[in-house]
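The first residue of the sequence shown is numbered 1, and numbering continues consecutively from there.
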Amino acid sequence: MANKVAPCIELNNGQKMPVVGLGTWRSYENEAEQAVKDAIDIGHRHIDTAFVYQNEHEVGRAVNAKIAEGKIKREDIFVVTKLGGIHHDPKLVEHACRQSLKNLNLGYIDLYLIHFPVAQAYSGDENVRGTGELTDTDYLDTWKAMESLVDLGLVKGIGLSNFNSQQTDRVLQSCRIRPLVNQVECHPALNQKKLIEFSRQHQIVITAYCPLARPKPEQQWPAFLYDETAKDLAKRYNRTPAQICLRYLIQLGTIVIPKSVKKERIAENFDCFDFELSSADMDLMDGYNNGTRLVPFTAMSHHKYFPFNIEF
């Protein structure tokens with residue numbers, strides 16, 4: 001396992017992004033640091049974090065420790081972080097990016113995303129999740145400030161997260177630098193095939209967060225990991241249901257970022273890119289799609305830029 005490195009997708013600016021990354025949402029303190037170290041040892045070269053996750057310090061310590069060990073060079077690792085909702089005001093975007101760089105202790109960020117199209121009121125960096133008060137800051141103005149980060153060399157590339165097709169198109173109509181990716185919830189029960197196709201037409205790659213849909217083993221949920229069809233597929237390919245699921249998403253054209261803090265699970269999730277599902281089995285996996293959304297952001301659903309009021 002340690003000698004494997006995931007294949008990459010070439011983004012529209014020429015950057016190469018590994019198709020499998022480590023998600024770190026809800027990974028805290030020493031847990032996050034150790035998970036990133038383990039992931040790098042296993043072969044991961046793509047780590048995903050965010051300002052609002054409050055673990056950029058830990059992610060950065062792990063990455064820098066592995067650089068110091070000689071395990072990787074800085075250019076070998078693809079680090080993604082995100083602009084929080086409290087920093088959408090264009091006057092705050094560079095400040096926020098520099099704060100993330102300081103937290104990570106890195107000289108640049110490989111990919112910097114607008115975490116959500118809705119802006120939150122700013123009441124200090126320490127209040128990372130905001131007060132609940134939303135503002136009308138236009139994400140197009142935020143995007144222009146994001147473009148300046150590329151000009152300054154603080155980030156290599158920029159992108160979106162949780163944007164729908166109409167919002168993405170609105171960015172494309174006015175941008176100077178095109179978004180590279182759109183990171184969205186995506187798993188077999190919410191396979192996002194229409195958004196994936198729309199994005200492909202515009203040379204934007206979909207990154208799938210929650211690709212395993214937060215499994216609940218005690219409830220044998222979700223079905224695509226626990227039912228008889230899932231077990232049969234796993235047996236036929238001599239893989240685990242999780243590996244089948246991740247492979248399905250990769251073949252749809254997404255980049256996957258499963259989250260785990262257990263070394264054996266991180267290794268299992270990483271080992272999903274050197275086999276291929278048949279077209280019939282891809283169709284079988286399509287059958288799990290029922291529109292189930294696990295991260296609905298309902299507290300923002302009244303806002304004019306809320307993204308989930310249309311199909312995709």
Side-chain angles (χ1 to χ4, degrees), residues 25 48-54 56 80-101 103 109 111-152 154-155 157-186 190 192 194-195 198-199 202 204 206-207 209-210 291 293-312:
W25 183 36
D48 182 272
T49 183
F51 175 78
V52 76
Y53 297 171
Q54 296 179 267
E56 288 175 325
V80 182
T81 192
K82 309 176 192 76
L83 179 82
I86 63 170
H87 292 129
H88 276 218
D89 185 323
K91 298 191 294 293
L92 293 172
V93 171
E94 183 181 335
H95 159 79
C97 182
R98 290 186 183 277
Q99 184 60 54
S100 285
L101 283 167
N103 292 344
I109 294 164
L111 180 62
Y112 196 47
L113 310 179
I114 297 180
H115 204 154
F116 199 76
V118 176
Q120 299 165 271
Y122 178 75
S123 60
D125 290 345
E126 66 285 349
N127 195 353
V128 298
R129 298 184 185 279
T131 62
E133 180 186 352
L134 308 181
T135 77
D136 285 337
T137 301
D138 192 329
Y139 54 80
L140 291 186
D141 296 327
T142 308
W143 185 256
K144 289 175 185 175
M146 294 278 285
E147 292 174 327
S148 71
L149 303 177
V150 181
D151 301 333
L152 292 168
L154 301 178
V155 305
I158 50 178
L160 309 171
S161 183
N162 296 298
F163 277 58
N164 65 34
S165 59
Q166 292 176 1
Q167 292 169 330
T168 302
D169 189 59
R170 189 166 175 254
V171 172
L172 288 168
Q173 295 303 318
S174 68
C175 68
R176 179 170 57 87
I177 298 175
R178 297 170 63 84
L180 301 177
V181 310
N182 186 11
Q183 184 180 127
V184 299
E185 180 182 344
C186 182
L190 183 71
Q192 301 278 18
K194 290 184 179 180
L195 185 61
F198 166 85
S199 301
H202 295 282
I204 295 170
I206 291 294
T207 299
Y209 72 74
C210 290
R293 188 178 292 279
L294 303 172
V295 192
F297 292 93
T298 49
M300 300 181 181
S301 60
H302 61 285
H303 195 277
K304 65 180 179 179
Y305 293 141
F306 183 70
F308 305 145
N309 288 330
I310 64 172
E311 183 183 1
F312 69 96

[X] side, atom [atom1]; [Y] side, atom [atom2] - distance, nearest 0.5 Å:
X	Y	atom1	atom2	value
Arg98	Ile109	CZ	CD1	10.5 Å
Lys91	Asp141	NZ	CG	10.5 Å
Thr168	Ile206	OG1	CD1	7.0 Å
Met146	His88	CE	NE2	8.5 Å
Phe51	Leu83	CZ	CG	9.0 Å
Gln192	Asn182	CD	CG	8.5 Å

Passes side-chain hydrogen bond (donor to acceptor under 3.5 Å, both in side chains), Glu56 versus Ser100? Steps please. CA-CA 7 Å; Glu56 288 175 325; Ser100 285; 2.7 Å; yes
Considering all heavy atoms, the nearest [X]-[Y] contact:
X	Y	value
Thr81	Ala50	OG1-CA, 3.2 Å
Ile86	Gly124	CD1-O, 3.8 Å
Leu154	Cys97	CB-SG, 4.0 Å

Any side-chain donor near an acceptor of the partner, Asn164 and Glu311, under 3.5 Å: no
Checking Asp125 against His87: is there a side-chain donor and acceptor pair closer than 3.5 Å? yes
Does the pair Arg170/Asp138 count as a salt bridge with the N-to-O cut at 4.0 Å? yes
Which is it for Tyr209 and Asn162 under the side-chain hydrogen bond (donor to acceptor under 3.5 Å, both in side chains) test, yes or no, and what are the steps along the way? CA-CA 10 Å; Tyr209 72 74; Asn162 296 298; 2.7 Å; yes
Are the side chain of [X] and the backbone N or O of [Y] linked by a donor-acceptor pair below 3.5 Å?
X	Y	answer
Ser161	Leu113	no
Glu185	Leu294	yes
Glu147	Arg176	yes
Gln120	Arg129	yes
His303	Thr135	yes
Trp143	Ile177	yes

So Trp25 and Val295, side chain to side chain contact (heavy atoms under 4.5 Å, CB included) or not? Walk me through it. CA-CA 12 Å; Trp25 183 36; Val295 192; 4.2 Å; yes
Can you say whether the rings of [X] and [Y] are parallel (under 30°), tilted (30 to 60°) or perpendicular (over 60°)?
X	Y	result
Phe163	Tyr139	perpendicular
Phe308	Phe306	perpendicular
Tyr53	His115	perpendicular

Could you walk me through whether Ile158 and Arg178 satisfy the side chain to side chain contact (heavy atoms under 4.5 Å, CB included) test, starting with their C-alpha distance in whole Å, then the side-chain angles of each, then the deciding distance to 0.1 Å, before giving a yes or no? CA-CA 8 Å; Ile158 50 178; Arg178 297 170 63 84; over 6 Å; no
CA sep, side-chain torsions, deciding dist, call: Ser165, Ile310, side chain to side chain contact (heavy atoms under 4.5 Å, CB included): CA-CA 9 Å; Ser165 59; Ile310 64 172; 4.1 Å; yes
